[in-house]
Enquirer: 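Attaching a single structure in structure tokens format; questions to follow.
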Amino acid sequence: MTNENVLVLDFGGQYNQLIARRVRECNVYCEVKPFNKISVEEIKKLLPKGIIFTGGPQSVYGENAPSVDRELFELGFPILGICYGSQLMAYTLGGEVSTCLTSEYGKTKTYYDKDCVLFSNADIKEQAVSWMSHTDYISKLPDGFECVAHTDNCPVAAMANKDKKLYAVQFHPEVNHTEHGLCMLDSFLKDVCECTGDWNMENYAEKAIEDIRQKVGDGKVLLALSGGVDSSVLAALLSKAVGNQLTCIFVDHGFMRKNEGDEVEAAFKDWDINFVRVNAKDRFMDKLRGVSDPETKRKTIGEEFIRVFEAEAKKIGKVDFLAQGTIYPDVIESGAGDAATIKSHHNVGGLPDYVDFKEIIEPLRMLFKDETRKLGQELGLSDTLVWRQPFPGPGLAIRIVGEITDEKLEILQDADWIFREEIARAGLDRDINQYFAVLTNNRSVGVMGDFRTYDYTLALRAVETTDFMTAEFSRISYDVLSTCSSRIVNEVKNINRVVYDITTKPPATIEWE
Ligand code: XMP
């Protein structure tokens with residue numbers, strides 16, 4: 001079965017992935033392609049049901065501003081331009097774009113034309129809030145277009161050429177702050193592009209299992225299992241597809257959270273697969289002695305991981321396929337090309353030529369995180385694995401600021417355990433996307449009983465985010481924070497001060513290292 005396909009043409013906007021996720025939420029399959037990596041000829045062959053232009057940081061008049069071939073508008077594909085994409089549509093088709101007298105940023109009262117198919121759904125009010133983020137605007141409509149939304153400062157907040165199925169919105173319907181934005185996208189997809197919405201995880205699981213069987217035949221598959229959502233879902237999918245032709249190697253580097261290594265082992269060891277756990281903490285600790293620089297830690301752990309994995313894989317002998325839990329955001333990000341390296345993520349970008357295998361398979365590479373979770377549920381994985389919060393490849397090693405010692409690791413594991421326990425007790429564990437403790441390298445004076453102490457400061461971090469590219473700190477109540485703090489200082493040795501990290505990303509990152 002081939003799904004209906006919508007093309008999201010990426011002009012470098014910060015919400016490019018979010019647009020694609022929203023389209024998938026409407027049960028329509030879509031793929032994101034950088035605007036300069038797909039030609040009009042290739043688009044013709046792809047035969048998308050519709051095309052969405054993302055926003056982007058440039059002005060259409062800027063030097064090297066992203067552009068598209070005018071021919072694209074003549075092919076009969078429905079197109080929706082968003083933000084920069086809307087200006088590009090106007091400009092390319094002979095309209096004009098100018099700089100706003102007053103830039104619009106944030107929630108903005110918007111007036112919609114209810115006769116336009118994008119806004120005709122009964123839920124959408126004639127006046128509602130949209131999310132704006134622009135300094136240019138469409139100052140003259142191209143021929144054949146009419147204005148279908150405006151704000152107090154922006155005369156063309158949306159334009160449409162119904163006959164040609166071309167639509168453009170200056171605001172961001174993909175962002176939650178735009179009231180009924182998802183409904184607008186759904187109307188474009190279902191009423192303009194005429195998609196039926198045939199994308200769901202039940203179909204996907206069946207098809208993926210079939211595809212894996214076809215590809216793998218009676219070959220051997222090797223998977224590095226971390227116990228994270230992606231590799232666990234992949235293990236479940238592969239075990240359904242090829243059973244004990246699969247070997248999972250779980251390299252326990254010793255930097256898992258308290259008890260986690262055992263939990264991962266318990267979750268997988270009774271499956272009809274070959275499961276190998278390697279306890280390699282000593283090797284990793286040896287390599288990290290004296291290392292306190294975050295990037296060196298990450299690189300050291302990444303390299304050692306490969307070595308341990310390689311040694312174990314060699315024991316199995318030749319495998320045919322190496323499976324990787326790459327998911328779609330990794331694919332989009334690596335396609336985007338010139339983003340600066342903020343941190344070198346281990347486990348993205350891949351395992352090596354060192355292992356003797358024929359081919360890499362990445363059955364999740366077209367799925368977003370929430371889809372991966374749905375697939376996990378579809379395959380019957382436990383809630384603990386499906387809802388596990390993200391955990392970085394290098395583990396607690398990058399949550400201990402400075403040099404790692406056994407003692408510090410134990411302190412952090414105990415404190416983190418209490419924090420997680422209290423968050424779950426407060427019923428917040430599914431609302432907060434990621435929450436953890438960080439052992440800082442800072443020591444300060446305290447008093448316990450009649451004694452002076454000179455101990456570590458522990459930081460608590462909890463964030464709410466949809467894409468992990470930007471994040472808000474979670475507004476956990478003082479009561480919950482206070483319970484965490486007093487339990488931690490009382491129950492964990494060598495911590496005499498607890499602080500809560502109240503920075504957003506950007507400018508901070510989620511992890512401290
Ligand atoms: P930052 O700290 O960059 O983190 O804001 C964004 C998200 O990525 C996770 N993270 C990692 N995930 N390998 C991973 O698989 C890594 O090396 C790694 N480093 C950070 C982080 O936990 C957060 O969810």
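Sequence positions, counted from 1, serve as the residue numbers for this chain. Whatever order the structure lists ligands and atoms in, that order sets their numbers, starting from 1.
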Enquirer: Donor-acceptor check, side chain of Asp414 to backbone of Val492, threshold 3.5 angstrom: yes or no?
Expert: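 Looks like no, no N/O pair under 3.5 Å.
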Enquirer: Please report the shortest heavy-atom distance between Ile398 and Pro394, naming the atom on each side.
Expert: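 What the structure gives for the nearest pair is CG2-CB, 4.0 Å.
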Enquirer: Are any of the side-chain nitrogens in Glu312 or Lys315 under 4.0 Å away from the carboxylate oxygens of its partner?
Expert: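 Salt bridge present between Glu312 and Lys315.
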Enquirer: Looking at Phe468, which atoms of ligand 1 are within less than 4.0 Å of one of its heavy atoms?
Expert: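 Within the 4.0 Å cut-off of Phe468, ligand 1 contributes 6 (C), 24 (O).
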Enquirer: Within the 4.0 Å heavy-atom shell around Arg298, which atoms of ligand 1 are there?
Expert: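 Going through ligand 1 atom by atom, the ones under 4.0 Å from Arg298 are 16 (C), 17 (O), 18 (C), 19 (N), 20 (C).
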Enquirer: Show me which atoms of ligand 1 lie under 4.0 Å from any heavy atom of Pro394.
Expert: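 By the 4.0 Å cutoff, the relevant atoms are 16 (C), 17 (O).
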Enquirer: Please step through side-chain hydrogen bond (donor to acceptor under 3.5 Å, both in side chains) for the pair Ser226 and Ser231, ending with a clear verdict.
Expert: CA-CA 6 Å; Ser226 68; Ser231 67; 3.1 Å; yes
Enquirer: Using the six-membered ring of Phe391, assess whether NZ or CZ of Arg257 lies under 6.0 Å from its centre and within 45 degrees of the ring axis.
Expert: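 Output yes; distance and angle both within limits.
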Enquirer: With heavy-atom distances below 4.0 Å as the criterion, list the atoms of ligand 1 near Thr509.
Expert: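 Once the distances to Thr509 are compared, the set is 1 (P), 2 (O), 5 (O).
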Enquirer: Are any of the heavy atoms in Gln389 under 4.0 Å away from ligand 1?
Expert: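 Distance cut 4.0 Å: Gln389 fails for ligand 1.
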Enquirer: Parallel under 30°, tilted from 30 to 60°, perpendicular over 60°: which one fits the rings of Phe473 and Tyr500?
Expert: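 Plane angle over 60°, so perpendicular.
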Enquirer: Salt-bridge test for Glu263 and Lys258: reply yes if a basic N is under 4.0 Å from a carboxylate O, no otherwise.
Expert: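 Salt bridge flag = no for Lys258 with Glu263.
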Enquirer: Has ligand 1 got any nitrogen or oxygen that is less than 3.5 angstrom from a nitrogen or oxygen of Ile510?
Expert: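 Right, the criterion is met.
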Enquirer: State whether the shortest distance between N or O atoms of Ile398 and N or O atoms of ligand 1 falls below 3.5 angstrom.
Expert: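 Checking ligand 1 against Ile398, no N or O pair falls under 3.5 Å apart.
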Enquirer: Measure from atom 12 (N) of ligand 1 to every heavy atom in Pro392, Pro506, Gly395 and give the option owning the shortest one.
Expert: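 Selected option, by shortest heavy-atom distance: Pro392.
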Enquirer: Before signing off on this row, confirm whether Gln434 and ligand 1 have an N or O atom pair separated by under 3.5 Å.
Expert: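 By distance alone, the answer is yes.
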Enquirer: Using a 4.0 Å cutoff against the non-hydrogen atoms of Lys505, which atoms of ligand 1 qualify?
Expert: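 By the 4.0 Å cutoff, the relevant atoms are 1 (P), 3 (O), 5 (O), 6 (C).
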